[in-house]
Undergrad: 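Take a look at the following structure, please.
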Number of protein chains: 2
Amino acid sequence: MKNFCYEYERPAVTVDAVIFGFAEASLKVLLIKRGIEPFKDKWALPGGFIQMQETAEDGANRILKKETNLEGVFMEQLYTFSAVNRDPRERIISIAYFALVKQDDYQAQAGDDETSAEWFEINKLPSLVFDHEKILRTAMYRLKGKIRYQPIGFELLTDKFKLSQLQDLYEVILETSIDKRNFRRKILQMELLIDTEEKEKNVAHKAAKLYKFDKNKYDELSKKGFNFEI
Amino acid sequence: MKNFCYEYERPAVTVDAVIFGFAEASLKVLLIKRGIEPFKDKWALPGGFIQMQETAEDGANRILKKETNLEGVFMEQLYTFSAVNRDPRERIISIAYFALVKQDDYQAQAGDDETSAEWFEINKLPSLVFDHEKILRTAMYRLKGKIRYQPIGFELLTDKFKLSQLQDLYEVILETSIDKRNFRRKILQMELLIDTEEKEKNVAHKAAKLYKFDKNKYDELSKKGFNFEI
DNA sequence: CCAAAAGTGTTCTTTATACACCCATGT
DNA sequence: ACATGGGTGTATAAAGAACACTTTTGG
């Protein structure tokens, strides 16, 4: 049974993923209900042991795919958690990632497997196992810091979005209110949004224009020293 | 000999440290000459296997102490490198840290052991083993990004410094030139420097005032939402 | 016609940038 | 006396912050 032997004791290594979504003007996190001990039936971040033939990033993508059936979304290494007793069983080091997904895509594609994954509003979280609350706090802190200087907010919205959705997103994540006119001017002045010429439909008010984020243009400008900032 | 057996195969886990110093107006990194195979006598970042009773941060501090005899300096987790073949022997995952040390302190205290550690100017590096060049690039990128928004530059200077030293530091790390008057005004307006009432001595020109960074005041202001920015 | 969200400009304040000369000290 | 780096102020441009009304649409 125990076939892998080493000269020195080794910690186990896992990968955990903080998967953020945004819907109904609130920030959400995907949690899974543990199916095994320890802490069976408690909520946890999706994760698993790293495989010998995969990088940590591969592992994080594998977990993302398993839980959401999504691939190719924004994903970034968050931090490596190595407290000696973070797992009651044995020494386990966790390399944590955070991902930003377009929640509508997920809702369309997932639901076809029976893992008990569920979206939780960031302000209505259950208690989590191990040090997962700490990991989640770290992820939120990172997201909050990063969204102002990199155009990652768009990763949480559908491809076409209206400016008020983008503003809602910033307001929720940064926990501030932003002046509508100043926000719109600032975003539009960057010239990173493509006007799709479409409008939202069937709303009981003036229909909003829909925009797309121009990733190619952003990449171009970045090379020339442009810095995104909200 | 191989006494530690597990049900599943496990990667080994190491900690590597990118230790930055600043002297003679240039940024330096501490490298060690490897004493063992593989790559014996090649230059590498200081590092070692993580111990079962220490966190990664403890490990990084242990390595820092071993190589420089310093403790309590600025240290922060950088990134975890997990490419499958980054080490030719076997799968080794490295949790990398970066540290900022006051190089003068080091020169005063170290030299009492015979490890072949040596400071290299960042622009005159030898080639490094494994993926250590990648780790170093990652560290420099992080340092460059971070120094503008957190007062970590002071960690590289002696306790008392003159403004031109601080400016040199920013110019070297950011790879730009900065207007002297604008720089001085910006730094002094923050009111985070304490005028020590001392001046440099024995220089063939007007003696510069010496300042200290007021960490307590910075911590206070941070709590109230102040953001350091150069 | 009413409710609900979209869309739009101007003024004022703050911050960033560009720029050149005199001062103190040791040799 | 001279070479070296220290120290200082102002004017202009750019960016940020504050603020209220009209428009479009479905019910």
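Quick caveat, the model's predicted, so the values are computed rather than measured. We name chains A, B, ... by the order of the sequence lines, and we start the count at 1 in each one.
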Undergrad: If only atom types and distance count, is the side chain of A/Arg184 paired as donor or acceptor with the main-chain N or O of A/Leu163 below 3.5 Å?
TA: no
Undergrad: Once you measure the plane-to-plane angle for B/Tyr149 and A/Tyr149, does it fall in the parallel (<30°), tilted (30-60°) or perpendicular (>60°) bin?
TA: tilted
Undergrad: Output the rounded distance in Å from CD (B/Glu229) to P (D/dA15).
TA: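 Rounded to whole Å, this separation is 14 Å.
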Undergrad: Distance check needed: D/dA15 P versus A/Ile230 CD1, whole Å only.
TA: 14 Å
Undergrad: Calculate the interatomic distance between A/Asp168 atom CG and C/dA6 atom C1'; express it in whole Å.
TA: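 Going from A/Asp168 (CG) to C/dA6 (C1'), I get 13 Å.
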Undergrad: Encode nucleotides 17-27 of chain D as B, S and - characters from 5' to 3', where the letter depends on protein heavy atoms closer than 4.0 Å: B to the base, S only to sugar-phosphate, - to neither.
TA: BBBB--BBBS-
Undergrad: Just how far, in rounded Å, is C1' of D/dG6 from CZ of B/Arg184?
TA: 6 Å
Undergrad: I want to verify a distance call: between D/dG5, D/dT8, C/dG7, whose nearest atom is closest to the B/Lys162 side chain?
TA: D/dG5
Undergrad: Could you state the CD-P distance from A/Gln165 to C/dA4, rounded to the nearest angstrom?
TA: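 A/Gln165 atom CD is separated from C/dA4 atom P by 19 Å.
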Undergrad: Check whether any side-chain N or O of A/Gln167 sits under 3.5 Å from a backbone N or O of A/Ile178 as a donor-acceptor pair, and report yes or no.
TA: yes
Undergrad: To the nearest Å, how far apart are B/Ile178 CD1 and C/dC19 C1'?
TA: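 Atom CD1 in B/Ile178 sits about 16 Å away from atom C1' in C/dC19.
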Undergrad: We want to know whether B/Asp219 and B/Ser222 form a side-chain donor-acceptor pair, criterion being a heavy-atom distance below 3.5 angstrom.
TA: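 Side chains of B/Asp219 and B/Ser222: no pair found under 3.5 Å.
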Undergrad: Step by step, would you call A/Asp131 with A/Arg86 a salt bridge (charged side-chain N to carboxylate O under 4.0 Å, His left out)?
TA: CA-CA 6 Å; A/Asp131 56 355; A/Arg86 52 180 298 284; 2.7 Å; yes
Undergrad: Assess whether a salt bridge exists between B/Lys162 and B/Glu200, defined as any Lys/Arg side-chain N lying under 4.0 Å from an Asp/Glu carboxylate O.
TA: yes
Undergrad: Please report, rounded to the nearest Å, how far the P atom of C/dC23 is from the NZ atom of B/Lys209.
TA: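 Rounding to the nearest Å, NZ of B/Lys209 and P of C/dC23 are 17 Å apart.
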Undergrad: Please give, in whole Å, the distance from C/dG7 P to A/Ile187 CD1?
TA: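 Taking atom P of C/dG7 as the reference, CD1 of A/Ile187 is at 14 Å.
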Undergrad: Taking OP1 and OP2 of C/dA6, is either one under 4.0 Å from a side-chain nitrogen or oxygen of A/Ser164?
TA: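 Answer is yes, contact under 4.0 Å.
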